[in-house]
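Numbers here simply count residues along the sequence, with the first being 1.
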Amino acid sequence: MPSSAATPPIDFFVSYTQADRAWAEWIAWQLEDAGYKTLIQAWDFDPGSNFVSAMQRALQKAGRTIAVLSEAYFASGFTEAEWTGAFAAGRQRLLPVRVCDCRPDGLLAAIVYLDLVGADEVAARAKLLAGVERGRRKPPTAPPFPGAAASAPPAFPGVARAPLSGLRRAIIDGGELPEISEAVLHEILAASPRTLSDYRLARIAEWSQPRYALNKRFTRLTLLLDQGQDAQGMRW
């Protein structure tokens with residue numbers, strides 16, 4: 001979090017070499033835009049001032065030092081003095097940020113760095129701000145289960161009961177045969193009928209489709225005849 005009365009007045013000293021000034025200023029700007037206070041040579045060291053003395057005061061005032069890592073950074077004697085000074089004050093006070101393809105070695109290799117290489121501006125800002133936050137980084141929502149995805153329960157192997165029940169009721173009551181969608185018809189025909197009645201209803205459901213141009217009154221009469229003399233409903 002940004003500095004408060006209980007923390008140093010400077011949150012971050014940005015250590016960089018001139019070859020990476022653009023990165024250093026971008027990092028400092030993003031941090032200050034998020035409410036942190038930074039100290040950076042490009043903005044805070046006055047012309048004609050004692051550079052070594054100013055660097056020493058920066059390391060003393062800042063809660064943490066951001067080291068902008070690149071091959072040019074590793075080759076600079078001044079930046080080495082800056083990051084080693086921060087390291088000597090406590091490893092938690094040094095935060096390396098890698099901005100180009102390079103490999104830290106020595107003491108720097110033992111410190112986890114923020115990696116902005118290859119990230120676009122939005123992703124780089126998100127990584128930077130998340131990386132400077134102290135404490136645990138537990139996500140606000142549960143992570144997805146890493147094992148095999150749960151399989152769907154097996155489909156019921158019998159005939160779909162609800163569509164057949166509606167069809168039987170319409171035939172017995174003498175009403176209009178219900179419209180059956182292609183999906184429901186496919187489900188009915190793909191299932192194994194458990195009774196002869198289910199088989200007859202499935203055939204009637206199929207034959208009642210417009211493509212067969214079958215008279216619905218005829219299909220209704222056919223079922224009634226199959227049920228015998230005790231069947232109720234209008235026969236014609």
Closest non-hydrogen atom pair, Glu121 against Trp26: OE2-NE1, 3.4 Å
Non-neighbouring partners of Arg98 that pass salt bridge (Lys or Arg N to Asp or Glu O under 4.0 Å), sequence neighbours left out: Asp101, Asp115
Asp11 side-chain N/O to Lys37 backbone N/O, donor-acceptor pair under 3.5 Å: yes
Where Glu133 and Tyr36 come nearest, the two heavy atoms and their spacing: OE2-OH, 3.5 Å
Ile66 side chain near Leu31 side chain, heavy-atom distance below 4.5 Å: yes
Cluster link Val117 to Val14, ILVMFWY, side chain under 4.5 Å: no
Atom pair CD/OG1 of Gln18 and Thr79 - distance to nearest 0.5 Å: 11.0 Å
Geometric class of the Phe13/Phe45 ring pair [parallel <30°, tilted 30-60°, perpendicular >60°]: parallel
Pairwise distance CG(Asp20) to CD(Glu71) - rounded to 0.5 angstrom: 10.5 Å
Results of side chain to side chain donor-acceptor pair (under 3.5 Å) for Trp43 - residues two or more places apart only: Glu25
Closest approach of Cys102 to Ser70 (non-hydrogen atoms, all atoms of both residues): SG-CA, 3.7 Å
Option passing side-chain contact (heavy atoms from CB on, under 4.5 Å) with Leu69 (candidates Ser15, Pro104, Cys100): Pro104
Distance, nearest 0.5 Å, that separates CZ of Phe12 from CD of Glu32: 11.0 Å
Under the side chain to side chain donor-acceptor pair (under 3.5 Å) test, residues paired with Asp44 that sit two or more places apart: none
Ser76 to Thr17 - nearest heavy-atom pair and separation: CB-OG1, 4.2 Å
Minimal non-hydrogen separation, Pro96 against Val112, with atom names: CD-O, 3.9 Å
Working for side-chain contact (heavy atoms from CB on, under 4.5 Å), residues Lys127 and Leu116: CA-CA 7 Å; Lys127 283 186 175 184; Leu116 306 187; 3.9 Å; yes
Euclidean distance, Glu82 CD relative to Tyr16 OH, rounded to 0.5 Å: 9.0 Å
Reported CD1-to-CG distance for the pair Ile27 and Leu128, which is rounded to 0.5 angstrom: 6.0 Å
Heavy-atom pair of closest approach, residues Thr38 and Ala28: OG1-CB, 3.8 Å
Expected output: side-chain Arg93 to main-chain Ala62 donor-acceptor under 3.5 Å: yes
Ile10 side, atom CD1; Thr65 side, atom OG1 - distance, nearest 0.5 Å: 11.0 Å
